[in-house]
Participant: 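The structure that follows is given in the form of structure tokens.
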Amino acid sequence: LFTSSEYTTLTLFLMVMVSGIVAFLGKFLGGFLSILNTRILHKLLPDAGIDLRTGNYIFGTVTLLLSAILLTFTGHIPFLCFLGILCFHAAMPVTLFELYCILPDRPGFAMGLSTVMLFLGYLPHEFFSLSALPASVILFTLTLLATACMVFSLWFYRKAIHNNNVQGG
């Protein structure tokens with residue numbers, strides 16, 4: 001992302017450090033912002049049936065889409081790139097919470113499962129040369145794929161809730 005020749009080694013070092021801090025802040029703030037987002041949506045749209053999990057999915061989808069745009073098209077503007085990193089990492093608590101909801105008796109396994117998925121996403125880079133495509137295209141495509149998974153999960157969750165309510169459960 002920060003590949004311009006105008007940056008000095010010190011500037012690049014500081015950008016990498018700030019990127020790490022911003023990634024941490026995204027993960028740290030993501031859970032809080034997701035809950036705040038859910039409460040705001042619930043007050044604005046009281047009849048929409050927005051519960052915590054639905055609000056989480058909406059938050060995760062919006063932050064992933066925003067991060068795809070910011071990281072792909074504003075990589076040359078450090079502030080906007082940092083905002084894209086923050087948005088990307090803010091979706092992480094949503095996925096961890098959802099895995100925990102699916103596996104409430106095995107929180108360690110839920111965390112480990114998400115870690116394995118991150119590792120599997122890294123493996124193609126390790127074994128295949130991806131230099132034929134620009135990194136921004138790969139990043140944009142994979143982030144859109146993650147967003148599609150989030151949208152599908154929201155649809156599946158809402159359908160399951162609806163079926164449970166219809167059957168009287």
Participant: Might you work through the side-chain contact (heavy atoms from CB on, under 4.5 Å) test for S114 and T95, ending with a clear yes or no?
Facilitator: CA-CA 8 Å; S114 64; T95 59; 5.5 Å; no
Participant: Do M15 and L71 share a hydrophobic cluster, counting only Ile, Leu, Val, Met, Phe, Trp and Tyr and linking them when any side-chain heavy atoms are less than 4.5 Å apart?
Facilitator: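 Result: yes, single cluster for both.
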Participant: Would you say V22 and L29 are hydrophobically clustered, going by side-chain heavy atoms of ILVMFWY under 4.5 Å?
Facilitator: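 V22 and L29: one cluster.
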Participant: Where the side chain of T63 meets the backbone of G60, is there a donor-acceptor pair that is under 3.5 Å apart?
Facilitator: yes
Participant: Evaluate whether atom OH of Y100 has more than 12 neighbouring non-hydrogen atoms of other residues, nucleotides or ligands under 6.0 angstrom away.
Facilitator: no
Participant: Going by the angle between their ring planes, with limits at 30° and 60°, are F24 and F28 parallel, tilted or perpendicular?
Facilitator: parallel
Participant: Please name the pair of heavy atoms, one in F82 and one in S19, separated by the smallest distance, quoted to 0.1 Å.
Facilitator: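 Reported closest heavy-atom pair: CE2-OG, 3.4 Å.
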Participant: Flag yes if F73 and L144 sit in one hydrophobic cluster, no otherwise; membership is Ile, Leu, Val, Met, Phe, Trp, Tyr, and two members link when side-chain heavy atoms are under 4.5 Å apart.
Facilitator: yes
Participant: Would you check, one step at a time, whether the test side-chain contact (heavy atoms from CB on, under 4.5 Å) holds for L65 with T61?
Facilitator: CA-CA 6 Å; L65 282 175; T61 301; 4.3 Å; yes
Participant: With a 4.5 Å limit on heavy-atom distance, are the side chains of F88 and L64 in contact?
Facilitator: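 In short, these two side chains touch, coming nearer than 4.5 Å.
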Participant: Find the distance between CD1 (I21) and CD1 (I85) and round it off to the nearest 0.5 Å.
Facilitator: 11.5 Å
Participant: Write down the atom of S67, the atom of G84, and the distance for their closest heavy-atom approach.
Facilitator: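 In this case the closest contact between S67 and G84 is CB-O, 3.3 Å.
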Participant: I'd like to know whether CZ of F59 has more than 12 heavy-atom contacts from other residues, nucleotides or ligands below 6.0 angstrom.
Facilitator: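 Buried by this count: over 12 neighbours within 6.0 Å.
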Participant: Only one of L66, L25, L70 clears side-chain contact (heavy atoms from CB on, under 4.5 Å) with L86; which?
Facilitator: L25
Participant: Which pair of non-hydrogen atoms, one from V94 and one from A90, has the smallest distance, and what is that distance?
Facilitator: CG2-O, 4.4 Å
